[in-house]
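Atoms within each ligand, like the ligands themselves, are counted from 1 in listed order. Residue indices begin at 1 and follow the sequence shown.
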Amino acid sequence: MIIQLEKDISGHLKDEVLQNINNIGYKTMEVSTQFSDYLVSVGKKEFDIRKIGNLPGVRDVHRVSDAYKLVSRKWKVQPTEIDLGDGVKIFRGGMALMAGPCSIEGEGQVEKTVEHLLKNNIKIMRGGVYKPRSSPYSFRGLGMDGLKMWHSACRPHNIKIITEVMDAEQIEAMYDYVDIYQVGARNAQNFTLLDGLGKVDKPVLLKRGMSGTLDELLQAAEYVFSNGNEKIILCERGIRTYEKAYRNTLDLNAIPILKDKTHLPVVVDPSHGIGLRKYVAPMALAGVMSGADGLLLEVHHEPEKAASDGQQTLDFAEAERLYAKVEKAMGLR
Ligand code: PEP
Ligand code: MN
């Protein structure tokens with residue numbers, strides 16, 4: 001059960017609501033986000049929900065039996081819109097393009113990418129400065145110095161930055177330089193990281209775990225929300241299956257199903273989803289037609305020379321052909 005409290009509820013009235021829920025035998029967790037105050041109560045007993053709904057100080061109450069609650073559409077039918085400022089928004093029914101290299105490599109690369117984004121009217125640049133790599137000997141990113149350099153290059157143009165945070169300890173230092181924190185597939189169930197991201201007021205993009213179910217993805221989102229941050233975007237990036245012909249299996253079934261289950265925006269990452277440059281564009285378009293609210297794309301001025309994931313990265317000309325097709329596909333939805 002979710003109980004939304006009036007914004008200015010007194011301590012006394014809140015105690016009374018808590019007492020009433022306690023009397024039914026439900027356990028309650030208090031959730032305070034940047035937008036509202038909630039009580040999330042869990043219990044089995046049947047009772048007349050109006051008993052709680054009619055209490056003074058209660059704005060709204062709903063029964064949600066799923067393991068995830070606040071991110072469920074059973075609680076909030078109205079879609080969540082992510083506002084990044086300067087008119088840049090990620091929202092249900094829209095098509096937020098986020099493009100850039102797998103890894104931030106240096107000033108020259110960043111400048112070329114910014115130029116490419118400006119030319120194509122793309123407002124969000126992706127890139128990693130902390131890279132989760134299978135081998136410790138691979139390039140692991142430029143860290144905070146790279147992020148600051150990248151930020152300086154984007155700010156004058158109001159280009160927003162999405163980048164991966166790998167550890168709860170990095171959250172604070174990164175705060176002033178990011179617009180969206182990305183949680184990578186390998187960290188999809190890093191609950192201390194999710195707890196930490198719930199305590200900041202910046203959007204968080206959650207990638208589906210390598211072998212994560214949709215329920216697990218939604219519960220990861222519930223971690224962030226229940227810690228206080230409602231600004232969440234979900235991302236399908238492929239799951240690991242028995243198939244070896246490509247890097248991952250992009251599970252586009254997830255898109256309409258997630259959009260049914262949650263009010264959060266859902267985007268697709270076809271680059272990691274298939275892992276082969278040649279097939280990124282068709283899968284991106286399939287993502288658009290599946291109802292995605294955005295695309296996360298790896299692009300590089302010279303993919304052959306990229307420090308990571310070059311094999312799945314589009315060059316600028318390929319990317320431009322794709323953007324034009326995405327626009328056409330949007331007209332068919
Ligand atoms: C990335 O976006 O470059 C990345 C490492 O993604 P994922 O966590 O989906 O593998
Ligand atoms: Mn990558």
Side-chain angles (χ1 to χ4, degrees), residues 96-105 109-110 113 124-136 138-143 146-147 150 160-167 170 174 178-190 193-194 197 203-214 216-217 220-221 224 232-241 246-252 254-255 258 266-277 279-280 283-284 287 292 294-315 318-319:
L97 293 181
M98 298 171 263
C102 179
S103 306
I104 297 298
E105 296 159 8
Q109 175 220 33
V110 167
T113 312
I124 309 171
M125 179 166 162
R126 65 142 290 146
V129 295
Y130 292 113
K131 296 304 303 176
R133 305 304 301 274
S134 299
S135 162
S138 300
F139 177 65
R140 294 170 70 183
L142 297 178
L147 181 57
W150 177 17
K160 307 298 172 188
I161 287 178
I162 173 168
T163 194
E164 178 161 354
V165 56
M166 282 183 61
D167 191 284
Q170 296 166 347
M174 291 170 78
V178 303
D179 297 289
I180 306 174
Y181 288 100
Q182 176 176 318
V183 176
R186 291 153 195 83
N187 262 320
Q189 286 192 309
N190 179 340
L193 178 60
L194 299 172
L197 290 167
V204 178
L205 178 139
L206 298 177
K207 290 223 186 173
R208 182 178 182 180
M210 297 243 208
S211 52
T213 63
L214 299 187
E216 285 165 340
L217 178 59
V224 178
I232 308 163
I233 305 146
L234 302 180
C235 179
E236 164 60 39
R237 51 78 71 197
I239 47 174
R240 187 170 278 181
T241 67
Y246 33 80
R247 185 176 180 186
N248 290 302
T249 297
L250 185 64
D251 175 18
L252 291 179
I255 309 308
L258 283 172
V266 182
V267 304
V268 167
D269 172 353
S271 307
H272 293 86
I274 192 156
L276 297 165
R277 183 174 168 188
Y279 309 118
V280 168
M283 294 318 291
L295 290 173
L296 194 60
L297 295 165
E298 286 186 335
V299 305
H300 193 287
H301 61 287
E302 283 178 312
E304 316 63 40
K305 295 191 182 152
S308 57
D309 282 350
Q311 81 290 345
Q312 64 192 32
T313 299
L314 302 177
D315 66 26
E318 288 168 326

Sequence-distant partners of Glu318, salt bridge (Lys or Arg N to Asp or Glu O under 4.0 Å), two or more places apart: Arg277
Arg133, CZ: over 12 other non-hydrogen atoms inside 6.0 angstrom: yes
Distance-only polar pair, side chains of Gln170 and Asp167, donor-acceptor under 3.5 Å: no
Side-chain donor/acceptor of Asp315 to backbone N/O of Pro303, under 3.5 Å: no
Protein N/O/S atoms closer than 2.8 Å to the Mn ion (ligand 2): Cys102 SG, His272 NE2, Glu298 OE2, Asp309 OD2
Those residues that, when tested against Glu302, pass side-chain hydrogen bond (donor to acceptor under 3.5 Å, both in side chains) (two or more places apart): Lys305
Donor-acceptor contact present, side-chain Arg126 to main-chain Pro101, <3.5 Å: yes
Can you list every pair where an N/O of ligand 1 is under 3.5 Å from an N/O on the protein?
unit_1: ligand 1; atom_1: 2 (O); unit_2: Arg126; atom_2: NH1; d: 2.8
unit_1: ligand 1; atom_1: 2 (O); unit_2: Arg126; atom_2: NH2; d: 3.4
unit_1: ligand 1; atom_1: 2 (O); unit_2: Gln182; atom_2: NE2; d: 2.9
unit_1: ligand 1; atom_1: 2 (O); unit_2: Lys207; atom_2: NZ; d: 3.1
unit_1: ligand 1; atom_1: 3 (O); unit_2: Arg126; atom_2: NH2; d: 3.0
unit_1: ligand 1; atom_1: 3 (O); unit_2: Lys131; atom_2: NZ; d: 2.9
unit_1: ligand 1; atom_1: 3 (O); unit_2: His272; atom_2: NE2; d: 3.2
unit_1: ligand 1; atom_1: 3 (O); unit_2: Glu298; atom_2: OE2; d: 3.4
unit_1: ligand 1; atom_1: 6 (O); unit_2: Lys207; atom_2: NZ; d: 3.0
unit_1: ligand 1; atom_1: 8 (O); unit_2: Ala185; atom_2: N; d: 2.7
unit_1: ligand 1; atom_1: 9 (O); unit_2: Lys207; atom_2: NZ; d: 2.8
unit_1: ligand 1; atom_1: 9 (O); unit_2: Arg237; atom_2: NE; d: 2.7
unit_1: ligand 1; atom_1: 9 (O); unit_2: Arg237; atom_2: NH2; d: 3.4
unit_1: ligand 1; atom_1: 10 (O); unit_2: Arg186; atom_2: NH1; d: 2.9
unit_1: ligand 1; atom_1: 10 (O); unit_2: Arg237; atom_2: NH2; d: 2.8

Polar contact flag, side-chain donor to acceptor under 3.5 angstrom, His301-Gln109: no
Salt bridge present between Lys131 and Glu164 (N-O < 4.0 angstrom): no
Between CD1 on residue Ile161 and CD1 on residue Ile124, distance to nearest 0.5 Å: 11.5 Å
